[in-house]
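Okay, so here's the structure we're looking at.
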Amino acid sequence: MRSLINGSVLDNRQIAEDIYRATIVTPDIAGAALPGQFINVYFPDSVKIFPRPFSIAGAEGSNIQLFYKVIGSQTELMSQWKPGDPVKILGPLGNSFEIPAPGTEIVLLAGGVGAAPLLFFRDRLYESGVKPKFFLGARTQNQLLLRADTKSELTIATDDGSCGSRGLVTAVFYEFLTGIDSPLTVCACGPDPMLKALKPMLENSNLAVYVSLEKTMACGLGLCQGCIVKNAGHNSSGDYSLVCRDGPVFNLRDIDFNA
Amino acid sequence: MRSLINGSVLDNRQIAEDIYRATIVTPDIAGAALPGQFINVYFPDSVKIFPRPFSIAGAEGSNIQLFYKVIGSQTELMSQWKPGDPVKILGPLGNSFEIPAPGTEIVLLAGGVGAAPLLFFRDRLYESGVKPKFFLGARTQNQLLLRADTKSELTIATDDGSCGSRGLVTAVFYEFLTGIDSPLTVCACGPDPMLKALKPMLENSNLAVYVSLEKTMACGLGLCQGCIVKNAGHNSSGDYSLVCRDGPVFNLRDIDFNA
Amino acid sequence: MPDISVKLGTKLTLTNPIMTASGTFGYGDEVSDLVDVNQFGAIVTKSLSLEPRVGNPAPRIAETPSGMLNSIGLANIGLEAFLADKKPFLAALSTKVVVNIAARTEDEFITVIERLDAEDWITAYEINVSCPNVKEGGIAFGTNPVVLKKLCEALRRTTKRFLIIKLSPNVTDIAKMAQIAEDSGADAISLINTVYGAAIDIYSRKPKINTVIGGLSGPAIKPIACANIIKVFSAVSVPIIGIGGICNGEDVIEFILAGATAVQLGTVNFMNPHAVGGIIRYIENYLQQQRLGAISDIIGCFER
Amino acid sequence: MPDISVKLGTKLTLTNPIMTASGTFGYGDEVSDLVDVNQFGAIVTKSLSLEPRVGNPAPRIAETPSGMLNSIGLANIGLEAFLADKKPFLAALSTKVVVNIAARTEDEFITVIERLDAEDWITAYEINVSCPNVKEGGIAFGTNPVVLKKLCEALRRTTKRFLIIKLSPNVTDIAKMAQIAEDSGADAISLINTVYGAAIDIYSRKPKINTVIGGLSGPAIKPIACANIIKVFSAVSVPIIGIGGICNGEDVIEFILAGATAVQLGTVNFMNPHAVGGIIRYIENYLQQQRLGAISDIIGCFER
Ligand SMILES: Cc1cc2nc3c(=O)[nH]c(=O)nc-3n(C[C@H](O)[C@H](O)[C@H](O)COP(=O)(O)OP(=O)(O)OC[C@H]3O[C@@H](n4cnc5c(N)ncnc54)[C@H](O)[C@@H]3O)c2cc1C
Ligand SMILES: Cc1cc2nc3c(=O)[nH]c(=O)nc-3n(C[C@H](O)[C@H](O)[C@H](O)COP(=O)(O)OP(=O)(O)OC[C@H]3O[C@@H](n4cnc5c(N)ncnc54)[C@H](O)[C@@H]3O)c2cc1C
Ligand SMILES: Cc1cc2nc3c(=O)[nH]c(=O)nc-3n(C[C@H](O)[C@H](O)[C@H](O)COP(=O)(O)O)c2cc1C
Ligand SMILES: Cc1cc2nc3c(=O)[nH]c(=O)nc-3n(C[C@H](O)[C@H](O)[C@H](O)COP(=O)(O)O)c2cc1C
Ligand code: FES
Ligand code: FES
C-alpha cells in the first residue's frame with residue numbers, strides 16, 4: 001500500500017557542486033522501498049504544480065536517502081529543507097532493479113546524479129554478499145556523488161580528468177568490457193545520451209542491460225499518461241510504456257530512444 | 001523618488017495573537033516615510049500575484065517598522081521572515097496624515113492592527129511636541145498592539161473587557177467627545193464598519209475626521225484603477241478615488257462608504 | 001450531519017457531488033491501493049473509443065504557471081479491452097461509473113454506446129466533444145452548433161442512459177452550445193474541458209508538447225471554468241457538472257454557488273491524489289458552519 | 001551588441017519589442033518617478049473614449065491562481081482631458097506613444113481618431129474591440145466577424161496612422177478574426193485581451209468582481225496567449241503583438257518564437273514595476289549566448 005505521507009527531514013546538506021543529500025524519516029516507505037523505485041515530492045501552494053520524482057538512493061531503518069541536483073525552482077526549495085521540516089512524499093513508486101541469477105556478474109554504470117538509485121542497489125547487492133563493479137562518471141570531481149566506496153569496486157571517470165580517468169565513463173566501461181566474455185548484467189542510470197550510447201552493447205548476447213529512465217511526470221502514478229517512452233519494435237504490449245508505472249527501470253532492448 | 005528595493009529583515013517577532021512586528025532595514029524608505037504612507041511587499045514566484053500593502057508603523061534611522069496580522073498566505077509567509085532575509089519592498093506610497101494647525105487638538109482612534117499607521121503618526125506628533133490622545137480598541141487583550149504608552153495618552157477598550165473598558169473603542173471615544181467643544185482633528189484607522197460608524201460625527205462642525213482606508217490592491221501605484229472608493233456627493237473630482245494614489249488617508253467627508 | 005447528496009435532475013442521484021474528471025484518474029484501478037475510490041460520488045473513466053488508441057507521441061505534458069498542458073491524444077485501451085480488463089474492478093465498485101466516450105464519427109459513438117448499453121454496471125455516459133488535441137473527432141464536434149445538434153440527437157435516440165455532454169470553453173458562445181445539448185435531450189452538461197494552450201522551449205525552440213497546441217488545465221483555468229458555469233447556468237435547466245482547476249473544498253463550494261450540481265476533480269489528482277477525502281470533509285464542515293441542511297440548497301445561489 | 005529593434009511591417013520601427021499593455025500602465029506619468037518610461041519600445045495608454053468614463057463600481061479586481069480578474073470598465077479621463085493633461089508628458093517622451101481607443105459606436109471611434117490624427121506625437125492607434133467587462137462597445141465588436149469587418153474598414157478609411165486591432169481570445173476562431181482585420185487594412189494585430197473569468201466569495205456569496213464575469217490576466221493565461229499567437233501567425237502576414245501573462249525575458253522570447261514581432265507587458269507591471277529593464281537585458285544576453293545578431297531573426301522560428 002502506497003501512501004502520501006508527511007516525512008520529516010532528518011538531515012539535508014550539500015555534498016558536491018549543486019548536489020545535495022537529504023535523509024528523510026518515513027518508516028513506511030523505508031520499509032517497502034526497493035532499489036530503482038522512486039518517490040514523489042509534493043510542493044503545496046506552488047506555481048509549479050507537478051510533484052517531483054526522486055530515486056530512492058538508500059533505505060535504512062526508518063529513513064530514506066535522496067541525492068538531488070539543484071536545477072530549477074523545486075530542487076532549489078528542497079535545498080532549503082532544514083532538519084525537522086515536514087515534507088509531503090508518496091512512495092515507493094515504480095518498478096525496481098532485480099538481482100540477477102547467480103553466475104551472472106553485475107555492473108553498475110552511473111552518470112552524474114544518476115548514481116542515486118544505483119547506490120541503493122549497491123547497498124542491497126552488498127547485503128546479499130555481492131560486491132558489484134561500479135563505474136561512476138561526472139563532469140568534474142566536484143560533481144561526484146562518491147569518490148571511494150567499500151561496498152563496490154569503484155571506477156571513476158571525469159570529463160576533465162580531475163578525478164579518475166579523463167573522459168566519459170562509458171569509455172572506461174567499454175574498456176573493461178573487452179576483457180569479459182561471461183554473462184553480465186549492466187544496470188545504468190544517467191543522462192539520456194549516455195543511456196542511448198549503450199544501445200550497441202545489445203549486440204553482445206552475453207549482456208543484459210537495464211536502464212532507469214527519467215521523464216517529466218505529472219502524476220507518477222499511471223494516471224496522466226504523460227511520461228511515455230516508445231516501445232522497441234519487438235515489444236507487442238502497445239506502442240508506449242509509462243516510465244512511472246512500467247518503469248522507471250526498463251530492459252534497454254524494449255525501448256526506442258529515437259521517438 | 002520611490003523605488004523597489006531589497007530591504008533586509010532586522011527583526012521579526014510575534015507581539016500579540018496573530019500579530020507580528022517586523023523591523024526592516026531600508027534607508028531610503030525610512031528617510032522619506034510620512035505617517036499614513038504604506039509600502040508594498042512583493043512575493044516572487046508566488047501563486048498569489050499581488051504585492052501586499054502595509055502601513056509604515058514607524059521609521060527611525062535606517063529602519064521602518066510594520067505591524068501585521070496573519071490572515072492569509074502572504075502574511076503567513078511574512079511571519080516566517082528571519083533576521084537577514086532580503087525582502088522586496090516599494091515605498092513610501094500614498095498620502096499621509098497631516099499635523100493640524102496649532103490650537104486644534106488631535107485624537108488618534110484605532111481598531112486592531114489599524115493602529116499601525118497611527119503609531120507612526122503618534123511618534124511624529126510627539127517629536128513635534130504634541131502628546132495626542134490615543135484610543136485603541138481590540139477584540140481581547142491578546143490582540144492589542146500596545147498596552148501602555150509614554151508618547152500618547154492611551155485609552156484602551158476591548159470587546160471582552162480583558163483590558164481597558166469593555167466594548168467598542170468608538171463608544172469610549174464618543175464619551176470623551178461629549179466633554180469637548182473646541183476644534184478637534186480625529187485620525188482613524190481600523191475595520192470599515194468602525195470607520196463607517198464615524199460618519200455621524202461629521203455633523204459636529206468642530207470636528208475634522210481623517211480615515212486611512214484599506215482596499216484590495218493590485219499595484220499600489222495608481223496603475224490598475226482597482227482600489228476605488230466612491231466619492232461623496234459634494235466632491236466633484238470624479239466619481240471614484242484611488243485608495244493607493246489619492247489615499248489611503250481621506251477626509252471622511254469626501255467618501256461614500258455605501259458604494 | 002448535513003446532506004451532501006445531489007440529484008442530477010430526476011434520473012440520477014449521487015451520494016456526494018465529487019466525481020473524477022476523465023483522463024485524470026485512469027480507470028480508477030491504478031490508484032485503488034492509494035485512494036478509496038468509493039469516496040467519490042462517481043468515477044468517470046478515461047475517454048473510451050471503439051478501437052484502442054496509442055495516443056500522441058512525446059512530449060505529452062508540460063507545466064505552466066499554476067497549470068499544465070497536455071496532448072495525450074485520447075490514448076486508451078479500446079472498447080473490448082475495457083470490458084475485458086476493467087469491468088471486474090469497475091463493476092464491483094459501490095460508487096457509480098460514468099463512461100466517457102470519444103469517437104471520430106457519429107457512427108463510432110453509436111457503436112460504442114450500443115455495446116455499453118448491455119452493461120448494467122454503467123450509470124451514465126459522458127460524451128467528449130471537446131478534446132483539443134486530436135486531429136479528428138475531438139473538439140470539432142463541440143464547436144460547430146449544427147454538428148453538435150445532429151450528434152446529440154443521434155445519441156439520444158440511441159440510448160436511454162443518463163447522457164452528459166462535455167463542452168469546450170474554446171468557443172465564442174458556450175451558452176448556445178449548452179442549449180443545443182439540452183434541446184437535443186442531454187440529461188446534463190459538463191464543463192469545461194481544457195482550454196487551448198501552448199508553450200515553447202526557448203533553447204530547443206521546440207513546442208513543449210507534441211501537438212504544438214494542447215489543452216490547459218489546473219488552478220490557472222479555475223476562473224474560466226467558473227465564468228462558463230455561470231453563463232451556462234442561466235441558459236439551461238439541466239444540471240451542470242463543473243470542471244476546471246478545482247483544488248480544494250472552497251473551490252467546490254464556489255462552483256456549486258456558480259451553478260454546478262456536481263463537480264469533477266482533474267489535475268488536482270496529480271497534485272494531491274488524496275484530495276477527495278479532504279474536500280468531502282470541508283463541504284460537510286462548511287454546511288454545518290453556514291447552518292445549511294443540504295449542499296443542494298446552494299446550487300446557483302450567488303448574489304447577482 | 002545584438003540588435004533588439006523590431007520592424008512592425010514597413011511602417012513602424014521600435015527600438016525594442018517591449019511595449020506596455022493598455023490599462024496596466026496608466027498614462028505612463030503615474031510611475032515616471034519609478035520607471036524610466038523611455039526604456040519601453042512603445043507606451044500604450046489606457047483605453048481612451050470620447051467622453052470620460054467613471055468605470056465600474058467596486059470590487060474591480062480579484063486575485064486568482066497565478067492571475068487576476070478585473071472589471072475596471074474602461075475608466076478613463078476622456079479625449080479632452082487626455083489631450084489637456086497627458087499630452088505634455090507623453091509628447092515629451094523619446095519613446096513612441098500608442099493610443100488605445102475604446103468606443104461604444106463606430107462613430108465614436110471615428111470622432112476620437114479624427115481628433116487624435118491632428119496630434120503628431122502619436123505614433124499608432126490600438127483599437128480595443130475586446131474588452132470583456134463593459135456592456136456596450138466592448139467585446140461585441142471583436143466576436144462578430146461582420147461587425148469587426150465593418151469597423152476595421154471604417155477606421156482604415158478614417159486614418160493613415162499605424163492601426164493595431166486588439167483581439168479577444170474569447171472566440172471560437174481567432175485566426176479568422178485576425179484575417180478579417182488584416183484584410184480590412186490593419187497594420188498589426190495585438191492579442192490577447194483578457195480571458196472571460198469569474199470568482200465567487202463562498203462566505204458572502206458575492207461575485208469577487210462587480211460585473212460577475214470579468215477579464216482574466218497574468219501568468220495563468222500565458223499558454224493561452226501563446227497558442228493564439230501561433231494560430232494567428234500562420235493565418236496572417238501583418239505583424240503580431242503578443243500579450244498575455246508575460247513576466248520575464250524568457251516569456252518574451254517564447255512569444256517571439258511563437259510569432260510575435262513585439263510584446264506588451266500587462267499584469268507584470270503590478271507584480272514588478274521594474275520588469276522592463278531586466279527583460280531587455282535578458283533578451284540581449286539570450287541573443288548573445290545563442291549567437292544571434294538580431295531579435296528579428298527568430299520571429300515565428302519555432303520547430304513545427
Ligand atoms: C524516476 C525519476 C527519478 C529521478 N531521480 C532523481 C534523483 O535521484 N536525483 C535528482 O537530482 N533528480 C532526479 N530526477 C530528476 C528530478 O525529478 C528533476 O531534476 C526535478 O524534477 C527538477 O525539478 P525543478 O523544479 O528543480 O526543475 P525544473 O524547473 O522543473 O526544471 C529545470 C530544467 O530541468 C529540466 N528537467 C525537469 N525535469 C527533468 C527530468 N526529470 N529529467 C531531466 N531534465 C528535467 C527541465 O526541462 C528544465 O529545463 C528523477 C526523475 C525521474 C523521472
Ligand atoms: C494601505 C493599506 C495598508 C495596510 N496596512 C496594514 C498593516 O499595517 N497591517 C496589517 O496587518 N494589514 C495591513 N493591511 C492589510 C493587508 O494588506 C492584508 O492583510 C494583506 O494583504 C493580507 O494578505 P494575505 O495574503 O495574508 O491574506 P489574503 O489571503 O490575501 O486574504 C485573506 C482574507 O483577508 C481579506 N483581505 C485581504 N486583503 C485585505 C485588506 N486589505 N483588508 C481587509 N481584508 C483583506 C481577503 O479578502 C481574505 O478574505 C493594509 C492594507 C492596505 C490597503
Ligand atoms: C492529462 C489529462 C488527460 C485528459 N484526458 C481527457 C479525456 O480523455 N477525456 C476528456 O473528456 N477529458 C480529458 N481531460 C480533461 C479533464 O477531464 C478536465 O476536463 C480538464 O482537465 C479540466 O479540469 P482540471 O483543471 O480539474 O484538470 C484530460 C485532462 C488532463 C490534464
Ligand atoms: C487592470 C487591467 C486593466 C486593463 N485595461 C485595459 C484597457 O483599458 N484596454 C485594453 O485594451 N486592455 C486592457 N487590459 C488588458 C491588457 O492590456 C492585456 O491585454 C491583458 O491584461 C493580458 O495581458 P497580461 O496578462 O500581461 O496582463 C487591462 C488589463 C488589466 C489587468
Ligand atoms: S507521470 Fe502520469 S502516467 Fe506517468
Ligand atoms: S491598487 Fe492599482 S490603482 Fe490602486
Side-chain angles (χ1 to χ4, degrees), chain C residues 62 64-69 132 139 143-144 168-174 195-208 212-214 216 218-231 245 247 249-258 286 289-290 298 301-304, chain D residues 62 64-69 132 139 143-144 168-174 195-208 212-214 216 218-231 245 247 249-258 286 289-290 298 301-304:
Chain C
T64 66
S66 293
M68 67 176 285
L69 291 169
I139 204 164
T143 50
N144 184 327
S168 167
N170 301 304
V171 294
T172 308
D173 190 354
I174 197 171
V195 182
Y196 279 131
I200 298 171
D201 183 292
I202 65 165
Y203 296 105
S204 70
R205 297 198 195 168
K206 290 190 180 139
K208 286 192 182 168
V212 182
I213 292 174
L216 181 65
I221 69 166
K222 187 168 59 111
I224 303 176
C226 188
N228 281 301
I229 293 168
I230 290 171
K231 286 188 201 178
C247 282
E250 280 195 38
D251 298 341
V252 171
I253 303 290
E254 185 179 4
F255 277 25
I256 290 176
L257 286 169
Y286 173 88
Q289 186 207 325
Q290 301 282 308
I298 61 167
C301 292
F302 74 92
E303 263 181 49
R304 276 164 193 88
Chain D
T64 66
S66 293
M68 68 176 283
L69 291 168
I139 206 164
T143 50
N144 182 327
S168 167
N170 302 306
V171 295
T172 309
D173 190 353
I174 198 172
V195 182
Y196 278 132
I200 297 170
D201 184 292
I202 65 165
Y203 295 105
S204 69
R205 297 198 197 169
K206 289 191 180 137
K208 288 193 183 169
V212 182
I213 292 176
L216 181 65
I221 69 166
K222 188 170 57 116
I224 302 176
C226 189
N228 280 302
I229 294 168
I230 290 170
K231 286 189 200 176
C247 281
E250 280 194 38
D251 298 341
V252 172
I253 303 289
E254 184 179 6
F255 277 26
I256 291 177
L257 287 169
Y286 173 87
Q289 186 207 326
Q290 301 282 309
I298 60 168
C301 293
F302 75 91
E303 264 181 49
R304 275 162 195 86

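FYI, side chains are in, hydrogens and waters are out, and symmetry mates aren't considered; it's all heavy atoms of this structure. Throughout, a chain's letter reflects where its sequence line sits, starting with A, and its residues are numbered from 1. Because the structure is a prediction, the values reported are computed rather than measured.
Residue contact with chain C, scored on non-hydrogen atoms closer than 4.5 Å, involves the backbone and the side chain of D:Ile202 alike. Of the two parts of D:Asp201, only the backbone, made up of N, CA, C and O, holds a non-hydrogen atom closer than 4.5 Å to a non-hydrogen atom of chain C. Contact of C:Glu250 with chain D is made through backbone and side chain together, with heavy-atom distances under 4.5 Å. Both the backbone and the side chain of C:Cys301 come within contact range of chain D, with heavy atoms under 4.5 Å apart. Within the 4.5 angstrom heavy-atom criterion, no atom of C:Phe255 approaches chain D.
Most heavy-atom pairs under 4.5 Å with chain D, from the set C:Ala62, C:Pro223, C:Ala220, C:Ala199: that is C:Pro223. When each of D:Ile298, D:Ile253, D:Thr64, D:Leu257 is checked for heavy-atom pairs under 4.5 Å with chain C, D:Leu257 comes out on top. Taking D:Cys247, D:Ala258, D:Gly245, D:Ala198 one by one and counting their heavy-atom pairs under 4.5 Å with chain C, the maximum is reached by D:Ala198.
D:Lys208 is linked by a salt bridge (charged side-chain N to carboxylate O under 4.0 Å, His left out) to nothing, counting only residues two or more places apart in sequence or in another chain.
Nearest approach of D:Gln289 to C:Tyr203, heavy atoms of both residues: NE2-CE2, 3.8 Å. Heavy atoms only, all atoms of each residue included: C:Ser66 and D:Pro65 are closest at OG-C, 4.0 Å.
Of the listed residues (D:Val171, D:Ile174, D:Asn170), just one forms a side chain to side chain contact (heavy atoms under 4.5 Å, CB included) with C:Thr172, and that residue is D:Val171.
A donor-acceptor contact shorter than 3.5 Å links the side chain of C:Glu254 to the backbone of D:Ile200.
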With a cut-off of 3.5 Å and sequence neighbours excluded, list every side-chain donor-acceptor pair involving residues 224-231 of chain C.
| from | atom 1 | to | atom 2 | distance (Å) |
| --- | --- | --- | --- | --- |
| C:Asn228 | ND2 | C:Ile224 | O | 2.9 |

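Rounding to the nearest 0.5 Å places CD of D:Glu303 at 5.0 Å from NZ of C:Lys206.
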